[in-house]
Undergrad: 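Following this message is one structure expressed as structure tokens.
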Protein chains: 2
Amino acid sequence: MTTNKNQGLLWLFREKANFSKIPSIEAFTGYMKSILICANGDGKLAPEERDWVVGQACAFGAPDSLVEELQSYKADEDIEKVIAVTPESDVSRRFLVYDAIKACSADGEYNDPERATVTKMAAKLGISQDMVKQIEEICIEEAKLRQKRLELMYPEGAPL
Amino acid sequence: MTTNKNQGLLWLFREKANFSKIPSIEAFTGYMKSILICANGDGKLAPEERDWVVGQACAFGAPDSLVEELQSYKADEDIEKVIAVTPESDVSRRFLVYDAIKACSADGEYNDPERATVTKMAAKLGISQDMVKQIEEICIEEAKLRQKRLELMYPEGAPL
């Protein structure tokens, strides 16, 4: 039933971004591509990083055609143009930097070259170095809190 | 494509609980029902609270039959039996308390009567009052961090 699927997607978008409706496919496509472009700023997008972005796209309801596109997307377009495709994606520039930092952390570490790349791409989006640091701080706090949650919930480790 | 759907579900279960595979429908059903039983310990499950649980169930891939069941589930079964349906749900007792606290917060406030209810239900699961407090602390920290994230990402408010 599409209704149940939409209820699930709305739940996810609300938890993540406090949306009260599901974004258009156009906005969602521009947003997801922009994460990949940002994480690929140095031309070195690791498979784990792409997988993390594609996994999120799948979770948030990307149609099969978009999933397929993201799996082989070169991620070398002009980020400023891609994110500006709709007003709601356009105002989500900080959020895409947040997701790009998470993607870059998906292979274990968010290192200095990755930080430099994200900062460079953020500058193209009009986001200052100081703002990138604040966004990064949120990502670090979230990762720490997730770790704390997991250790409290499953002291013996996850059952699956 | 089922593959894409599963990739999305795996992404969600990994982010939330560090699972490396998707739980069985049996485990998932027992877990979701247990959240409702816990939140309904006082017989006063608000519609917003049930909606939050059903929304999460939809997001995490509940089949339509389970969604329908949860929508009208009386949530008055023996929680200890329902959660023990599989080994992996059985070891997820703290996590269900975590989700129950989040469900109880879904109508705006996690108040003292709700706290008493969750603590009483947790005791049935062999979870101490001190542990419930620690779990609650995680929920509070997560809610604060989400708020901080939203304010940083969308200083003018969410676009949708």
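Throughout, a chain's letter reflects where its sequence line sits, starting with A, and its residues are numbered from 1.
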Undergrad: So does A:G30 get a backbone contact from the side chain of A:S89, meaning a donor-acceptor N/O pair under 3.5 Å?
TA: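 No, because the side chain of A:S89 does not come within donor-acceptor range (under 3.5 Å) of the backbone of A:G30.
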
Undergrad: Please classify the contact of A:V67 with chain B as side chain, backbone, both or neither, using a heavy-atom distance under 4.5 Å.
TA: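 Side chain of A:V67 only, per the 4.5 Å heavy-atom cut-off to chain B.
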
Undergrad: For the side chain to side chain contact (heavy atoms under 4.5 Å, CB included) test, which of B:V82, B:L66, B:L70, B:V85 pairs with B:T29?
TA: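 Considering B:V82, B:L66, B:L70, B:V85, a side chain to side chain contact (heavy atoms under 4.5 Å, CB included) with B:T29 is found only for B:L66.
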
Undergrad: Tell me whether the centres of the aromatic rings in B:F13 and B:F60 are closer together than 6.0 Å.
TA: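 Ring centres of B:F60 and B:F13 closer than 6.0 Å.
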
Undergrad: With a 4.5 angstrom heavy-atom cut-off, could you sort out which part of B:V54 is near chain A: side chain, backbone, both or neither?
TA: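 When you check distances to chain A, atoms from both the backbone and side chain of B:V54 fall under 4.5 Å.
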
Undergrad: For B:E49 versus B:D107, what's the shortest heavy-atom pair and its separation?
TA: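 Minimum heavy-atom separation between B:E49 and B:D107: OE2-OD2, 3.2 Å.
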
Undergrad: Are the side chain of B:W11 and the backbone of A:C58 linked by a donor-acceptor contact shorter than 3.5 Å?
TA: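 Here the side-chain-to-backbone pair does not exist.
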
Undergrad: Write out, in numerical order, the residues from residues 135-160 of chain A with a heavy atom short of 4.5 Å from a heavy atom in chain B.
TA: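 Listed by number, the contacting residues are A:I135, A:I138, A:E141, A:E142, A:L145, A:R146, A:K148, A:R149, A:L150, A:L152, A:M153, A:Y154, A:P155, A:A158, A:P159, A:L160.
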
Undergrad: Side chains of B:V53 and B:D99: closer than 4.5 Å at any heavy-atom pair?
TA: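 No, side chains not in contact.
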
Undergrad: My understanding is that only residues two or more places apart in sequence, or in another chain, count here; which of them pass side-chain hydrogen bond (donor to acceptor under 3.5 Å, both in side chains) with B:Q71?
TA: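 Listed in chain order: nothing, the list is empty.
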
